[in-house]
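Structure first, then comments.
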Amino acid sequence: MPTTTTQLIEWLARFDELIQEQRGYLTDLDSEVGDGDHGANMSRGLAAVAASFAENPPEFADELAKSIGMTLVSTVGGASGPLYGTFFLRFGTSAGHTTKLTPIEFSDALAAGLAGVVERGKPERDDKTMFDAMEPAVLAFRTGLVDGDVRYAATLASHAADAGRDATADLVARKGRASYLGERSVGHIDPGAASTALLFQALSETLGQEAA
Amino acid sequence: MPTTTTQLIEWLARFDELIQEQRGYLTDLDSEVGDGDHGANMSRGLAAVAASFAENPPEFADELAKSIGMTLVSTVGGASGPLYGTFFLRFGTSAGHTTKLTPIEFSDALAAGLAGVVERGKPERDDKTMFDAMEPAVLAFRTGLVDGDVRYAATLASHAADAGRDATADLVARKGRASYLGERSVGHIDPGAASTALLFQALSETLGQEAA
Amino acid sequence: MKKLINAPEDVLAESLAGFAAAHREVRVDAATRVVYRADPKPHGTVALLSGGGSGHEPLHAGYVGFGMLDAAVAGQVFTSPTPDQIVAATNAIDTGAGVLHIVKNYTGDVMNFDMATELATGAVETVVVADDVAVENSTFTAGRRGTGLTVLLEKIVGAAAEQGRDLAEVAALAWLVATSGRSMGVALTSSTVPAAGRPTFDLPDDEMELGVGIHGEPGRRRVPLASAHEIAGMLVEPILADYNFGGAPAVVMLNGMGGTPLIELYLMFGEVKTLLEKAGVVVARTLVGNYVTSLDMAGCSVTVLRADDEILGLWDAPVNTPALRWGI
Amino acid sequence: MKKLINAPEDVLAESLAGFAAAHREVRVDAATRVVYRADPKPHGTVALLSGGGSGHEPLHAGYVGFGMLDAAVAGQVFTSPTPDQIVAATNAIDTGAGVLHIVKNYTGDVMNFDMATELATGAVETVVVADDVAVENSTFTAGRRGTGLTVLLEKIVGAAAEQGRDLAEVAALAWLVATSGRSMGVALTSSTVPAAGRPTFDLPDDEMELGVGIHGEPGRRRVPLASAHEIAGMLVEPILADYNFGGAPAVVMLNGMGGTPLIELYLMFGEVKTLLEKAGVVVARTLVGNYVTSLDMAGCSVTVLRADDEILGLWDAPVNTPALRWGI
Ligand SMILES: Nc1ncnc2c1ncn2[C@@H]1O[C@H](COP(=O)(O)OP(=O)(O)O)[C@@H](O)[C@H]1O
Ligand SMILES: Nc1ncnc2c1ncn2[C@@H]1O[C@H](COP(=O)(O)OP(=O)(O)O)[C@@H](O)[C@H]1O
Ligand SMILES: [Mg+2]
Ligand SMILES: [Mg+2]
Ligand SMILES: [Mg+2]
Ligand SMILES: [Mg+2]
């Protein structure tokens, strides 16, 4: 069962809900290791994405993902704006001009998004960034497709993202504002990793529903 | 028994002692109705006067009083500097080129000093300034000479100055910084009136000693 | 007290030394605490002298230079300078055409400058600035305080002096400017005098001092903290009530008290300008920044000067000082 | 929170409006939050663009004008601007000779400017300023932060652009300047972000944050409050330890963080200059005042740039902006 652009919209709509719910939590995390605006930045951006769905959104995956990416880029600001924005811009390029994505196409689009984040922020594993939640999630999704459907894959991805998020607590930040803290960043979860976990939670909930 | 320049020096030396003792008190009074620097201003000025006595001071009353006046003018600053400075400049002019002052000459010199303060600051009675302690003191000194010696006159002057100082508490300030407070200045003693009371206390103590 | 200082009693001397080190265009006489232009005016030109207590930087030393002051005399923090300092400066800058003393209306300043005038060798004229509308009935007080208008006057009259006008003309213009402008200020926090070590007055977190002076003297009244829009009204209203600026072009200054950042001062200026224009004032020239401060006090003041083409021309004339520079 | 503001979310828009009202020499595009020169550069001249989070006023908008920037892009307080804003400004100021982006080294700023560069129509070169020696091992961090040196770079490179140098030459000079200067700062108090409403960090009355950033990020370490003389040492020492300024002439800036009055800044400059000269640095040019602030934070920073005759010449060249003006 291929994924439709309608589901992409549901995915982001759910992501928006989760971000607005968790805004304070994200801000608190960023206050501890950054400048305390991650909650505000993400909430501003996802609200704009949700609003953009109101007046009829593009029906093709590439156009839809690109408009999502551009909206994030132009409203989030800070470090996370270009990163999440690039994720969806590349997702769109990989998805191509279609209204339906096969599981493999969807997985490839996620991988393209991840590659975009790497290109943009040059994060390495264990730098204590959103990458530490995103990379395991994207790999888990692909693994899940080996012996399961997108729904199963999305569940694995969400679990992997949560695990990656939690693991950032033990790390010393080497990228972003938190890196100025050096050792003092240990013991705190990275805010971007936390918002990325919400992105994949939203995905599994969306695809999960559909299949239910 | 005429007053000598040596006694003028003793008078100011005693005034310096009292000012240094009461510095904090004068500052507190000025903090309530002014800008809290009267203690610092007077202490700076009288310390300079005392220091000037170290290297042999002029032996003639006019030169001595003028050097005291100029020292006060150039070290006190603020409003009280020109006022006390003018007081002694005019005192010197009236005293003239002598080493001894008859009681009447001394009284005239005080009156000349008072006139200088009036010219400089244009204070009127009950404006809540040093004038409200100085005028009664100078008048009392002259009255005292009618049926007493300088010692008796100085004692009357000191009491009159104290009474004048205390009376400023009930007044609304109409001159100086305190006047910005308007009604809110009522209930506070005027700092300049307080330092003037010390000036006449020093005088009576000095002349008192001599006669004892 | 959190300040970038050493011993409180050395603040003035050390700050002047740093000022001298920072600005080659001025010369500082440490003994008399006077700041002079490095290269004096041509002979026969009227010279301008101002001064007062320190703690209002860049006033006055920051305005010494071509097109403004010839010298500035510094007193201790918030205490007027003494006649001997003023005389030394007056005699030093007199090129033969006389000197204009620009004095802010505080009893101490006025009396010390008066004594200096009596002792000066050359011709001296004096203008007293008393622009602070916060002081209401000046008949029962020492009169209105001199605040923000002082900067505008030093700039405009300084330009006139450079033109070679004689002492009488320069003094007349100074009095015209002094009587054509009004100011009103507000404090969000008290300043802390280094020698005192603690704030001059306590101001609760939800209150502000309206009509405050620049020495931390109390203001007109203490009012609840308000929005920038409301505060603009509280500052502009008494100014307009006190003087008729209608129709004529005006020079408007939104001045910071020292502890308020520029982002807030610009926001306030936007509010003030809107109100002034609503009231028919033609805002022809503007100045936004920290020009007459009260140490680290947070707050601002508004100054409005009624101008005409001549005054605007003098305002636009070249000026080259540490704190004000254009056209040069 | 005691600030001259209305609703916290309107601070940026309203402050920009006030800035526009105060300065005829600039034009503000409210929609994209970009400040432009009122009269653009001649065709064929390289244009300079900078920008970043707000709260550092006069940086960057105060440096838009002849001899410095062609435009400044404003992000929310302490949050970098977005690519669409940057692209709009870049395309608008490109006269055909290309645009230099001057970016302070913060991950967010760098990435947003990078994306903008990819989307811009004309040629774009970028210089990244990373002068803050407080950030020690830049290999395990996002690298040193861009602070005070940004102002000196905008002035010097701006002058070079006015001379008509091409984009490659302008960019090369920019990198030379960016790598020849160092800065170090100290905070006596925390700044308060309007949206947050409370100080970013708590600092006891007897402590200060040494090596602080300009967003209230923590510094190198928290140390007991010290005298101006001692603080000067703590700022100058790591700068000299990091780069060799010996012999060559230097441009030195003593910058205020926004809440510290000029009387203290001049005092600090005196201390700093003495220390630098003791170390053999030739202090050839100086700048003392609030040039790169952190809202209402009390404190200061020192920037030292190694110069040569060419750089000094460009420093002395005419500049005419709201916050920096001379020779014009
Ligand atoms: N170089 C980078 N690569 C990947 N992710 C990064 C990088 N720098 C920062 N991030 C992510 O961005 C998050 C911070 O985002 P945000 O607070 O919105 O922006 P800013 O740090 O500019 O205030 C961090 O928690 C981290 O996950
Ligand atoms: N016009 C005046 N005439 C007489 N005395 C005055 C006048 N103005 C002020 N004073 C006196 O000066 C005192 C204040 O002196 P001081 O605090 O040293 O100067 P400042 O007010 O400049 O700080 C007042 O308490 C008052 O007695
Ligand atoms: Mg952040
Ligand atoms: Mg006083
Ligand atoms: Mg005083
Ligand atoms: Mg941020």
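All figures in this text were calculated on a predicted structure; none of them were measured in a lab. These numbers come from the heavy atoms of this one structure, side chains and all, not from hydrogens, waters or symmetry mates. Residue numbering restarts at 1 for every chain, and letters A, B, ... go by the order of the sequence lines.
- Counting only residues at least two apart or in different chains, side-chain hydrogen bond (donor to acceptor under 3.5 Å, both in side chains) contacts with residues 125-134 of chain C comprise C/Asp131-C/Thr147, C/Asp131-C/Ser183, C/Asp132-C/Arg145.
- Using a 4.5 Å heavy-atom cut-off against chain C, the contacting residues of residues 38-51 of chain B are B/Asn41, B/Arg44.
- Between C/Asp114 and B/Arg120 the shortest side-chain heavy-atom distance falls below 4.5 Å.
- Between the OG1 atom in C/Thr200 and the CG atom in B/Asp35 there is a gap of 9.0 Å [rounded to 0.5 Å].
- Residues of residues 72-92 of chain B lying under 4.5 angstrom from chain C, judged on non-hydrogen atoms, are B/Val73, B/Ser74, B/Thr75, B/Val76, B/Gly77, B/Gly78, B/Ala79, B/Pro82, B/Leu83, B/Thr86, B/Leu89 by number.
- Contact of C/Glu118 with chain B is made through the side chain alone, with heavy-atom distances under 4.5 Å.
- Residue C/Glu9 qualifies as enclosed at atom CD: its count of foreign heavy atoms under 6.0 Å is above 12.
- For C/Asp206, the CG atom sits in a packed shell: over 12 heavy atoms of surrounding residues, nucleotides or ligands are nearer than 6.0 Å.
- The contact between C/Asp84 and chain B is made entirely by side chain atoms (from C-beta outward), counting heavy-atom distances below 4.5 Å.
- Contacts between residues 177-186 of chain B and chain C, defined by a heavy-atom separation under 4.5 Å, are made by B/Arg177, B/Ser179, B/Tyr180, B/Leu181, B/Arg184.
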